[in-house]
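What follows is one structure encoded as structure tokens, with my remarks underneath.
Read the numbers this way: they start at 1 and go in the same order the structure lists the ligands and their atoms. Below, all heavy atoms of this structure are taken into account, side chains as well, without hydrogens, waters or symmetry copies.
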Amino acid sequence: METWSDTLIEHKGQTVRIDGVAFASIGRLKLLTILQERARAVGVEPLYQNHIGGVEALEDADLVVAADGAGSIIRRHYASEFGTTIRNLSNRFAWFGTTKPFDALTQSFVETEQGRFNAHHYRYAKDMSTFLVEVDEKNVLAQWNG
Ligand SMILES: Cc1cc2nc3c(=O)[nH]c(=O)nc-3n(C[C@H](O)[C@H](O)[C@H](O)COP(=O)(O)OP(=O)(O)OC[C@H]3O[C@@H](n4cnc5c(N)ncnc54)[C@H](O)[C@@H]3O)c2cc1C
């Protein structure tokens, strides 16, 4: 894993360093490989390409651990029991990878003619970083509408 303790904020040409914010990162494929190996080591055999259409399909299970992500059918099915509330926010994101290894998690705020952007970037391996770009919906729609 890559680890560091500071985060950086780049705003209006200034870099502000905030110390003591511990952070660790790992490439997703590497993490998934470790988790799969760990599951097999304790006798769990993963099934892939096995879509569960509804909670009825799980009726025979001794134990269900609901880890089916943002669109979880289990959370939706038991929404009233769980007290689920869902709120959609409007910012738009695009994720990129780059071979530039950034020192630490950095939030770069940039104002352009197309609007305000915030890039979140950090390395997850010695030679690779995530580069995530965030923009508010108003600016995306302004671009689309010409
Ligand atoms: C592009 C991107 C980049 C991200 N980067 C980071 C990052 O750098 N660091 C970080 O901490 N987080 C990051 N996140 C967020 C992180 O990926 C999620 O918070 C995390 O994956 C959620 O884990 P989860 O196990 O709840 O759900 P998921 O990882 O979504 O796993 C849910 C699993 O359930 C399966 N599934 C769903 N429904 C069914 C069904 N009906 N039948 C069978 N299987 C089903 C799905 O196929 C999936 O494998 C990122 C997210 C995205 C989209």
Between ligand 1 and the protein, which N/O pairs are shorter than 3.5 Å?
| from | atom 1 | to | atom 2 | distance (Å) |
| --- | --- | --- | --- | --- |
| ligand 1 | 8 (O) | Y122 | OH | 2.2 |
| ligand 1 | 17 (O) | R28 | NH1 | 3.0 |
| ligand 1 | 17 (O) | R28 | NH2 | 3.0 |
| ligand 1 | 41 (N) | I52 | O | 2.9 |
| ligand 1 | 42 (N) | I52 | N | 2.8 |

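Under the rule for a salt bridge (charged side-chain N to carboxylate O under 4.0 Å, His left out), the partners of R92 that lie at least two apart in sequence or sit in another chain are E137.
Sorted by first and then second residue, the pairs that involve residues 101-128 and meet salt bridge (charged side-chain N to carboxylate O under 4.0 Å, His left out), not counting sequence neighbours, are E2-R123, E2-K126, E111-R116. The salt bridge (charged side-chain N to carboxylate O under 4.0 Å, His left out) pairs that include a residue from residues 78-89 number zero, where partners must be two or more places apart or lie in different chains.
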(request) Give the intermediate values and the outcome of ring pair (Phe, Tyr, Trp, His ring centres under 6.0 Å) for residues F109 and F117. (result) CA-CA 6 Å; F109 294 88; F117 291 82; over 10 Å; no
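Here the rule is side-chain hydrogen bond (donor to acceptor under 3.5 Å, both in side chains) with N118, and of Q107, H11, E10 only Q107 fits it.
In this pair, F131 and H121 present their aromatic rings parallel. The plane angle is below 30°, not in the 30 to 60° band.
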